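Bear in mind the structure is a predicted one, so any value in this text is a computation, not a measurement. Starting from 1, each residue takes its place in the sequence as its number.
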Amino acid sequence: MRSVRSWFTAAESLIAAMPLSVMEWQDNAKLRAECFRRILERGEREELISLMRTVYLKKQELAEVGRRIYAADENAMKRAERMIFDELSVVLGVGDDEIIKMIDEKVKTA
């Protein structure tokens, strides 16, 4: 069983790695949805963060040209966020707002 301190350290490391996590965008929506579904089923933190970051970056890229991402991509990102935020909330003992602040700080310094 892991100590509370090791969980806390792992959570901090996870947040620190967020700005660096990205995966290749799959242009085929059906293949992308299947890939996201498998990632969400496995629930591996690193994959969830890569999914979140990849969809977020694609969303920003499309917004610059006046377009939006598919609802399925947005939903996958939100499910991954919920899974990660729930775990971090428990481990760090803080709410979503505090987690978002911590992530924003890491992204700005990356």
Original post:
Taking atom CG of Asp96 and atom CG of Asp86, what is their separation to the nearest 0.5 Å?
Top reply: 7.0 Å

Subject >> hydrophobic_cluster_shared for Leu62 and Phe36, side chain cutoff 4.5 Å >> reply: yes

Subject >> Pair Asp97 + Lys101, salt bridge at N-O below 4.0 Å >> reply: no

Which donor-acceptor pairs under 3.5 Å do side chains of residues 22-31 form with protein atoms, sequence neighbours excluded?
residue : atom : partner : partner atom : Å
Gln26   : OE1  : Asn28   : N            : 3.1
Asn28   : OD1  : Lys30   : N            : 2.9
Asn28   : OD1  : Leu31   : N            : 3.0

**OP:** Search all heavy atoms of Gly95 against all heavy atoms of Ser89 and return the closest pair with its distance.
**Re:** C-OG, 4.1 Å

Original post:
What pairs with Val94 under side chain to side chain contact (heavy atoms under 4.5 Å, CB included), at least two apart in sequence or on another chain?
Top reply: Leu92, Glu98, Ile99

**OP:** Enumerate the residue pairs fulfilling salt bridge (charged side-chain N to carboxylate O under 4.0 Å, His left out) with a member in residues 68-79, sequence neighbours excluded, ordered by first and then second residue.
**Re:** Arg32-Asp73, Lys59-Glu74, Glu74-Lys78

Original post:
Are Val55 and Leu57 joined in one hydrophobic group, where the rule is that I, L, V, M, F, W and Y side chains link up if heavy atoms are under 4.5 Å apart?
Top reply: yes

Subject >> Pair Arg37 + Glu34, salt bridge at N-O below 4.0 Å >> reply: yes

Original post:
Does Glu44 have any side chain to side chain donor-acceptor pair (under 3.5 Å) partners at least two apart in sequence or in another chain, and if so, which?
Top reply: none

Original post:
Of all residues at least two apart in sequence or in a different chain, which pass the side chain to side chain donor-acceptor pair (under 3.5 Å) check with Arg67?
Top reply: none

Subject >> Partners passing side chain to side chain contact (heavy atoms under 4.5 Å, CB included) against Ala80 (at least two apart in sequence or in another chain) >> reply: Leu40, Leu48, Leu51, Met52

**OP:** Calculate, to the nearest 0.5 Å, the distance between atoms CG and CD1 belonging to Asn75 and Ile69 respectively.
**Re:** 9.0 Å

